[in-house]
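Throughout, protein chains are lettered first and strands after them, A, B, ... in sequence-line order, and every chain is numbered starting at 1.
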2 protein chains.
Amino acid sequence: MRSFRSIQWLDDGVLRLLDQRKLPHETVYNDYTSAGEVAQAIREMVIRGAPAIGAAAAYGLALTAVHTAVTNTTVLKRELAETAVLLRQTRPTAVNLFWAIERMTNRLADPNLDAIPAIQAAILAEAHAIAAEDVQINKQIGLNAMSLIPDIATIIHHCNTGSLATVDYGTALGIIRMAHEQGKKVLALLDETRPRLQGARLSAWELKQQGVPFMVIADGASGHYMRTKGVDLCVVGADRVAANGDTANKIGTYNLAVVARENGVPFYVAAPTTTIDLATAAGDEIEIEERPAQEMTTVGNWQITPDDVPVGNPAFDITPARYISAIITEKGVVYPPFEKNLLQLFVTVQPPTDF
Amino acid sequence: MRSFRSIQWLDDGVLRLLDQRKLPHETVYNDYTSAGEVAQAIREMVIRGAPAIGAAAAYGLALTAVHTAVTNTTVLKRELAETAVLLRQTRPTAVNLFWAIERMTNRLADPNLDAIPAIQAAILAEAHAIAAEDVQINKQIGLNAMSLIPDIATIIHHCNTGSLATVDYGTALGIIRMAHEQGKKVLALLDETRPRLQGARLSAWELKQQGVPFMVIADGASGHYMRTKGVDLCVVGADRVAANGDTANKIGTYNLAVVARENGVPFYVAAPTTTIDLATAAGDEIEIEERPAQEMTTVGNWQITPDDVPVGNPAFDITPARYISAIITEKGVVYPPFEKNLLQLFVTVQPPTDF
């Protein structure tokens, strides 16, 4: 059913990324051998989607380790620390990037890593672990969501949160895929998701290959479908979930959530717990990336606007927690009050002392 | 300041329309000498915008009258009746089309029109009157709106409602233009308005020429600006206002209105009284035109989606009256309850009998 993979590590120390800017017209894989190249690929959105960015950054660090010319472990660790700084600067909003880099850095702190080959092996193994866990996490998110999806369901989805946005399978789009695979009669209404059209280009491309029924709609049409056609739920991904449940996600998510609540349509966020950032108390603390004007003024090689028009191009928005019906994670479905219930996900359960 | 006009009648019996599909890149005027050509131009959106469509249809009837080969008034009147049928079938949602055709047909019912030249002169004069009145009406809408616009105002606008959507000046965009001309410090946030991008292509083109400060934003970004940046009001046009105030307008209007109310931002509809259709009790009686998939799948010469993807492309949506703060007409600003107050606009004031 699938013949693509967004991120692949080749045994000769090459990171291969599917160039998502060229989809759906061309399936082009780019090979990278340095973290600097990977940083640029993240910035230019060769790869995008919060979980995929996290895994790509982890492999970026692995590239530095594997291809290092140095022979001194202290110098290599400094190289890796510099690589971490570089990768952290690529995109500000999605927290998985910072989470993955921190996990890799923590691994590096292991005092047993006292030789170059040991560091190289550990760093690469940690990147592989992040990637492998992401796939399992996504499938568990799907399983956890199934009780929320009616047997016949029209579902609005925003942006792309599928295999392309993750290492494999997907979060919100993975839920739609799993519902279809389980025999539910789903119809996905895919917001095209301006300006970069991840819905029209990428989600449509994925669902078409998977045989999931869908229709592409304009972002502004979501309310019309909810008000007049019957929509059962909305499901979106997340770039960062604050401790209180406020969610940063692709621009347009907030409008969709408000209109969903107005129409009594459940609005779900699907995200791995790595997207939840307890260090961010509320959504308005999250930096919203402003992206280049050219994303708004042109589509492909076609210029839309007159020359030199002023443009606003925030890549994300914040959906306050009160619009979110539940947050679907690999550890379970979390309902309001999010402040209390998200925290529960991170509490390590201690065995009773009198046991 | 302006060097274009959406509709022009040339003295040799030619209707010249600015081809809005080619803006902002090319300024191409198409010349028409038959109503059949005009009907196709309306259908293909060479000309669009409810008031402009009404005027174009009136001139379409004038073309039939002026270029007729018949010598019998009864036959000419039948030709004109057939033309009316043809023009009525072009687009279903905007009521100005039907209003203009009805006004022309009523004029034709005058029993004094008992010769071909008299019919030709009367029909052309009526079309000219519709066009001239439209310009005056738009300016009066602007004047009536001025007390609603703060001296410093950030205003979200959807689609194109300017000179291009009317015979001249514009309705909602005319208000923004007039506020600027009166020295108010306005910043227009122009929704790009997918799928046909009338905001990014046409409204940006108009405001740039007029020197009005603006920014183009994605439709999905409107809520982000309202929630975080401070927006003073939204103003949109209308394709049909039902007797209860429910408003059919370009797809995306409903989402904008819901998000505006959620953020406490006043939401105004600007429309001539010819857009108000008392024969339509409520919005859900209005037929919503579904337009070709190609409008969604390609932008200019650039295909966005994979091949052959299913698409939903409703051209309009209905904004229920409860989301509308006021309807700004040439006869005054109408506030809720709209059912009562819109009707008042059409009541002919009788002088008191005891006066």
Looking at chain A, which one of B/T228, B/T319, B/N263 has the largest number of heavy-atom pairs inside 4.5 Å, strictly under? B/N263

Looking only at A/N313, A/L202, A/L207, A/V311, most heavy-atom pairs under 4.5 Å shared with chain B are made by A/V311

Would you confirm whether A/S325, through its side chain, and A/F267, through its main-chain N or O, come within 3.5 Å as a donor-acceptor pair? yes

Using modelled atom types only, decide if a donor and an acceptor are shared between the side chain of B/S6 and the backbone of B/L18 within a distance under 3.5 Å. no

Side chain from CB out, backbone as N, CA, C, O: work out which of these in B/I288 comes under 4.5 Å of a heavy atom of chain A, or both, or neither. side chain

All N/O donor-acceptor pairs, side-chain side in residues 213-226 of chain A, below 3.5 Å, sequence neighbours left out:
residue	atom	partner	partner atom	Å
A/D219	OD1	A/E192	N	3.4
A/D219	OD1	A/T193	N	2.7
A/D219	OD2	A/T193	N	3.4
A/D219	OD2	A/R194	N	2.8
A/S222	OG	A/D219	O	3.2
A/S222	OG	B/N255	ND2	2.9

Could you measure the distance from the CZ atom of A/R322 to the CG atom of A/N244? Nearest 0.5 Å is fine. 10.5 Å

Please identify, among B/D317, B/L23, B/I318, the residue contributing the most non-hydrogen atom pairs under 4.5 Å to chain A. B/I318

Any chance you could measure B/R43, atom CZ, to B/R291, atom CZ, to the nearest 0.5 Å? 10.0 Å

Determine the option with the most heavy-atom pairs under 4.5 angstrom with chain A, choosing from B/T253, B/L190, B/V309, B/L256. B/V309

Under a 4.5 Å cutoff for heavy-atom pairs, which residue among B/H25, B/R227, B/E262 has the most contacts with chain A? B/R227

Per-residue contact mode, A/L189 against chain B (heavy atom under 4.5 angstrom): neither

Pair count under 4.5 Å, heavy atoms only, with chain B: among A/P320, A/A293, A/P310, A/P314, highest is A/P310

Look at B/G312, B/G199, B/G252 and state which one has the largest set of heavy-atom pairs under 4.5 Å with chain A. B/G312

In terms of heavy-atom pairs under 4.5 Å, which option from B/H158, B/K250, B/R201, B/M296 contacts chain A the most? B/M296

At a 4.5 Å cut-off on heavy atoms, which part of B/D284 comes close to chain A: side chain, backbone, both, or neither? side chain

For the atom pair CD (B/E206) and CD1 (B/I176), what is the distance rounded to the nearest 0.5 Å? 10.5 Å

Side chains of A/K184 and A/I152: closer than 4.5 Å at any heavy-atom pair? no

Strictly less than 4.5 Å between heavy atoms, which residues of residues 297-308 of chain B line up against chain A? Please order them by number. B/V299, B/G300, B/N301, B/W302, B/Q303, B/I304, B/T305, B/P306, B/D307

Is there a donor-acceptor pair closer than 3.5 Å between any side-chain N or O of B/D246 and the backbone N or O of B/A321? yes

Could you tell me the separation between the CD atom of B/E44 and the CZ atom of B/R21, rounded to the nearest 0.5 Å? 5.5 Å

Judged by modelled atom types alone, do A/R48 and A/Q20 share a side-chain donor-acceptor pair under 3.5 Å? yes

CD1 of B/I155 to CD1 of B/I175, rounded to nearest 0.5 Å, is 8.5 Å

Heavy-atom pairs under 4.5 Å with chain B, option from A/F316, A/Y254, A/W205 with the top count: A/Y254

Hey, what do you get for CG (A/D191) to OG (A/S203), rounding to the nearest 0.5 Å? 9.5 Å

